[in-house]
Structures are given as C-alpha cells and as structure tokens.
Amino acid sequence: MGLIASVLIFFLSLKSYKLKTIDQQIFLISFLQLFFVVISFTSLIVCFIISDFSNETVFNNSHTNKPIFYKISGTWGNHEGSLLLWLLVLTLFLFLFLINSKNELKKYRVLTVTFQQVIIIGFFIFVLATSNPFNFLFPIPIEGLGLNPILQDPALAIHPPILYVGYVGSSLIFSATLAAVIENYISKDWAKNIKIWVLISWIFLTVGIMVGSIWAYYELGWGGFWFWDPVENVSLMPWFCLTALLHCVLVLEKRELLKSWTIILSIATFTLSMCGTFLVRSGVLNSVHTFANDPSRGIFILCFLFFLITISLIIFFIFNKEKQNDYIKINFFSKEVSIIVNNWFLMYFLSVVLVGTLYPIFLEVLTDHKVSVGPPFYNKLIVPFLIFFLLFMSVGPNLKWIKENDIANKFQLIAFFFISLTISSLIYLEIGKINLINTLLIAASLYLFIVTIKDFFSKELHNFPKKLSHFGFSLFILSILFNGIFSSEAIFNLKVGEKFTFKNEKIFLKSLVKKQKENYQSVIGHFTIEDDKKNISLFKPELRIYDQPIVVTSEADIKTTLFKDKFLVMNKIKGNEYFNVRYQVKPFMIWIWISTMLIAIGGFLSLYYRVYEK
Amino acid sequence: MKKLKIFLILFFILNFFSISLAEKNDQLKIKISKNLRCVVCQGQSIYDSQSDFAVSIKLLINNKIDDGLSEAEIYEFLKDKYGEWIIYDTSFNKKTFILWGLPVLLFFLGGAIILKKIVFRRT
C-alpha cells in the first residue's frame, strides 16, 4: 500500500514540467496520471473487498460480514476514499477534455490542462498530507469498525460518485474559462464547446441531488425529502450557479453578449463546489448528512480555495478586456433579456441560500450567538420571487432573439395566463385551506405547465430538450406544492394487536417477525391498513439493529402509486412493548422524482443533439 | 355543477368552524414541534426526532398548551431556556436583519445593474 502512495508522489513531480511540452507528451502523461489514479482507486476497492485491515481506511469503515456491495460502496463512503474518487474524476475529466478538444487552439488546450493540473496537484497534496487512504496499521487488527449503517443503502452508494462528477465537472469549466480568458478566446466557438461540459456537470449535479433526496426520503425515516439542511444547500448552490451559466452560455453562443458574466459564473460555480467540500468536510456545519469530519482538513481546503480564487480574480482583471465598443442593441422584449432576468433570479435564489447557510456560522464566530436558519426562512424569501420567476420562465423562451414583434403570440400567452389564474383560483375556492401566496404559485406554475405543453405541439422540434426541461420544472413545482398542501399524517403508539383509526383508514399492527440477516437483526412489523372501501394493504416497516457499529435504523415501508405515496415507519419506544408509528399519505410524491428526471433528461437530450451535430 | 360548488364551499366553511378545540390544539402542537430544532440531534426537528430530548420537549409543549399558553409564549419560554438556536423560524431583529436584508438588497442591486446596462446600451 505504501508503494502506491509513493507512486502518487512520483507523478506529482511528473506534472511539473507539463507546462511547456508539446501536445503528444501531455497526452501521454495525462494518460499515465489517469492510469495511476485508477490503479490506486482500484486497489483501495480491492482492499475493501478482501477486508485488508492493515489499511487504516478499511479498518475504520469496513467489516468482514458486510455485504459485498456495501464493501465496494464503502470505498467512497468515507473521507479518504471519497477524495480519491474526487481525484479520479478530476483526472478522468481532464483526459476526456484532451481527447475531445483536438480541433481547438493548442495554447488554449495547454493552458486548460495547466490550470486543471494546479487543482489536481492541490488535491494530491491534500490527500497525501491530511487524508492518505493508504495509511498502514500495525499490528493488523482482526476486525474493522464497520460502515455507518445509514450509509448502507443503494441510493447512497451511487449518490457520491454522481454528485462528484457534477462538482468536478465545474473544475474543468473553471480551468477552461481561465485559459480562454488568457487567450482571449471567449467567443461563440468557445461557448459552443464549453456548453457540452456545462451540460455534463449540470446533468450529473441534478441527478446527484435527486438521488440524495430520494435517499433522505426513505432512509432518514421521517418522510421529508428536502430539509434546507446546510449540506443540501451546499449542493444546491452550485446547481443554481450552473443553471445560470447554462443559460448564459446560450446568449454568448448566439449573440456574443455577457462575456464577463459568463467568466464570473464559471469561477463562482467552481468556488461554490469547493466551498461545499470545505463546509461539509470541516465539520463547520450541523447537519443530518455530516458523517465524518476533521477541522485540520477544512483549513487546508480553505487555504487552497483562497489561493484559487485569488489566482482566478487576478487573471480575470488582467486579461479580461471586454471591448466596450460592442454596442449591440438589446431590445427589451427579446430572448437575451429574458435570459438575463433568469440569471438575475437564479442569483437571487443563490444569495438566499448562501446567506442562509453561512450567516449562522459567521454570527456564531463573531458574536457567540447561535441562531437557526430553518425552512421558514427559505420559504419566505424564495416563494414570492419564484412566482415571478415562473412567469418569466413561461414567457421568456417564447420570445425571439434580438426582437419580438409577434402580436398573435403575445395574445395567446396572455390568454393562457388567465386560464391558469382561473384554474388556480378554482382550486383555491374548492379547497379553501391554501393561502394566497401558494395559490399564486400554483397559478404561475400552471401557466408554465400550459405554455410548455402548447410548445410541445405547436412548434418545430429543434428545441425539444429545453421544452422538456422547462416542462419538468413546472411539473416539479406543481408536485411539490400539491404534495405539501395535501399531505396528511398521523403519529401514534401501537402494540401488537392494537388498532388506530386515521381519517377513514384503520391501521392494525398484526404481528412482529424477527429475522437474523448478514450483518443486522431485523424486526419487521406486519401492519394492515384498511380503507373505507375494505381494501386491505399490507405494510412491513422494519427496525434494523446493526452489529458493527451497533446502530438501530428504521426502514420505512412505502407504497407508491401514481397519485400518492403511503409511508409507514415505526420506532421502538424505550422500556415498553409499544411502537411509535408514523403514517403519512403524500400525494404526487413520485411526480417530484419523475419531473426531476425530466429536467435531467432534457439536459441529456440537448447534450446528445450537440454531440450528434458535430 | 354550480350548486355543488356552493355546497362544497359552504361545507368547507362550516367544517372550518366546527374543528374542535382538541384538534386545534393538536395542530398547534405539530406546528410548534416542527418549528423546533432537536438540539441533541443532527439537524432534525423535535417533531421528527425520537430522542429523549425531543420526547421531553413534546411533553413540555403539551403541558404548556394545556396551561393555556399561546404559540408565541411557548417560543419565548423555550428561547429563554435553550437559546434562539432551538427555533427554526428565524426572527427578524438587530442580529438577523443582515440575514433577511442582504439577499433582497442583492436582488435590487442586480436589477439596477441590469436595467442600467440595458438602458445604457440602448442610448
């Protein structure tokens, strides 16, 4: 194992002379670099599989009787391994960039590689200095400490790699942007090329966040999927930034506007990803998702981050000469203005989340005063603006580049607006318990919903990916809203043989079944739920008592249909035979995931078209 | 159809008034406990948590409601005991005005910049 660590140091030195060399050599060395990282990553996986406890990381995070799948996923379920994964993705992306950018300026490519290498070197030092995954333990322990059972879950096994691809993708955008700034290559062509990378990281980030919240939904065991928790916010912030960038690059590609803004956004996206790593890894945050942390690591990332920001700002101010003479006329009713508005709102959402996440930390450090910034804060600040955001989102894409003067089109849009307003006020009247702002929000998202559906039918096919994503977004907001408004739940205590009546359903705890599994004991409750039409469904929520480490987790049983999820989870009450049972009916739950998938698929199709077009 | 609608509206209005006191108290209890942080857990609300601390706070809320305390009074009581940290819904005061104000300020600043750029370019 020590050998591989030394291999890591070895090609640190290799990289230093990459700067001036010609293409062929860079190519070769990058390949070597990738190769070495792959080797070390694979060997770490092998260590986990064969449970080699002479390795400290394996000792801390694995156990012999863990299923093989979680032995492998345990590789990145911990700090050291996940950093190695981070490095792997970094080098992989760089390599892919080299392969895919053959037609571009040589200087630009070399510079991109150089910046990327700065980042890679930084992370290599980080890995070797503070979190070497190959530390040797002697005497060799017989048994490992085990992986946190909450992490032993299929969704969480794939969540980190997906999210990391998203994060790391932003590093390549960062490097490429800096290179392009120096070479004065920020142009239509550049926008076309960089958009592919923006799309890739955007797709992965979207899917990564979604998988994370699916996991939170069924594993954390209280039925929510988004808690405005700092760690969640940290993944959401680069997403806002990247989404803004995605739209902004479009303007650059079509009209060569917003150059500086694109640069700032690329830098910001990467900075936020790095910030995310810092906040999560340093233990500054109090969160449901922080599993391992160590302050000394945080300081390193912070310094490195500071260093990168300084460099990028210097480069930005020295090299970026936006020609003040490009007075391209901008008309107020045009696509570019609507995209600027989109960016404006996204930046606002970003600032809400950013301030909300960081403010408590600063306040505590400065004044020793602790405040909580919880979901109400975000709801209050985001929801009112979201209404206007949705309205712009409906109208904007229907405008033309440069100038819009199609009257019929406008009339149609206004008509649709009144239709959605009517529908939502009908909903408001029928149900009554929605407050005014939610009604407006429903109206706005319905509007987007209708307008995008209309677009599917009436217009040419070439913008299909965009329409799909926008449609997905409207569906997303709608399903979250209806989910929030119409959810109902009950919490009660039951013992075997008892019944509880909730609205028109009877919940009955029939029996308990105990089972011994590979690395945990399970207690399964057999519940039947009978509705007013005498339909009986069986629920089997589970309590798991893991051996290594000893942790009790409760697994919810969820029955999903197209219209609603029924969610049942139980917990043991200390000292008696009663179980605390929580039953939730959550309408349209599955549509939240479907719509997010639609958003991501839209991105994927757009990527596909782009590569296909080439 | 129209009759049905009127009927429904009336039904819901009547329903609204006929919600019993006990049910109202239950709703209040849930609302309060959702807005409280379980200070011994990692980022869980009192409502979601099963820890001893959360259970005792839930009992405490029960008692306070039975004693006839209002929502605000209960928050005040908990704030004195455990600090402002326990309440998720951040209040607006001289320590948090930056928190509330900064994003909105940035929003208007951004709007101003955009407006200026566009107007500036047009002339």
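Just so it is clear: chains get the letters A, B, ... in the order the sequence lines come, proteins before strands, and each one is counted from 1.
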request  = Give the C-alpha distance, both sets of side-chain angles, the deciding distance and a yes or no for side chain to side chain contact (heavy atoms under 4.5 Å, CB included) between A:Lys370 and B:Tyr82.
outcome  = CA-CA 10 Å; A:Lys370 261 182 158 181; B:Tyr82 300 100; over 6 Å; no

query = Could you give the distance from CG (A:Leu363) to CD1 (B:Ile98), rounded to the nearest 0.5 Å?
reply = 8.5 Å

ask   = Heavy-atom distance under 4.5 Å to chain A: side chain of B:Leu99, backbone, both or neither?
value = both

message = A quick test of your reading: do over 12 heavy atoms of other residues, nucleotides or ligands sit less than 6.0 Å from CZ of B:Phe53?
response = yes

inquiry  = Is any side-chain heavy atom of B:Lys95 closer than 4.5 Å to one of A:His369?
reply    = yes

ask   = Is it the backbone or the side chain of B:Thr96 that comes under 4.5 Å from a heavy atom of chain A, or both, or neither?
value = both

task = Quick one: closest heavy-atom pair of A:Val371 and B:Trp85, and the distance?
result = O-CD1, 3.4 Å

key: Heavy-atom contact with chain B under 4.5 Å, split by part of A:Phe385   = side chain

inquiry  = Is it the case that over 12 heavy atoms from other parts of the model lie below 6.0 angstrom from the CZ atom of B:Phe92?
reply    = yes

query = Which atoms form the tightest heavy-atom contact between A:Trp344 and B:Phe107, and what is the distance?
reply = NE1-O, 2.8 Å

message = I'd like to know which of A:Ser372, A:Pro360, A:Pro375, A:Gly374 tops the heavy-atom pair count under 4.5 Å against chain B.
response = A:Ser372

message = Once rounded to the nearest 0.5 Å, what's the spacing between atom CZ of A:Phe227 and atom CG of B:Asp48?
response = 6.5 Å

message = Is B:Val55 in contact with chain A via its backbone, its side chain, both, or neither, using a 4.5 Å heavy-atom distance?
response = neither

task = Would you check if B:Thr90 and A:Tyr359 make a side-chain contact, meaning some heavy-atom pair closer than 4.5 Å?
result = no

A:Asp368 atom CG: more than 12 heavy-atom contacts under 6.0 Å = no

key: Over 12 foreign heavy atoms within 6.0 Å of NZ, A:Lys380   = yes

message = Pair B:Tyr88, A:Phe377 - check side chain to side chain contact (heavy atoms under 4.5 Å, CB included), show working.
response = CA-CA 8 Å; B:Tyr88 272 131; A:Phe377 170 79; over 6 Å; no

key: side-chain contact (heavy atoms from CB on, under 4.5 Å) partner of B:Pro103, chosen from A:Leu381, A:Ile382, A:Leu354, A:Leu350   = A:Leu381

inquiry  = Within the 4.5 Å heavy-atom criterion, are A:Tyr348 and B:Leu106 side-chain neighbours or not?
reply    = no

request  = Sort B:Lys34 into side chain, backbone, both or neither according to what part of it lies under 4.5 angstrom from a heavy atom of chain A.
outcome  = side chain

task = Report yes if the side chains of B:Asn35 and A:Pro376 come closer than 4.5 Å at any heavy-atom pair, otherwise no.
result = yes

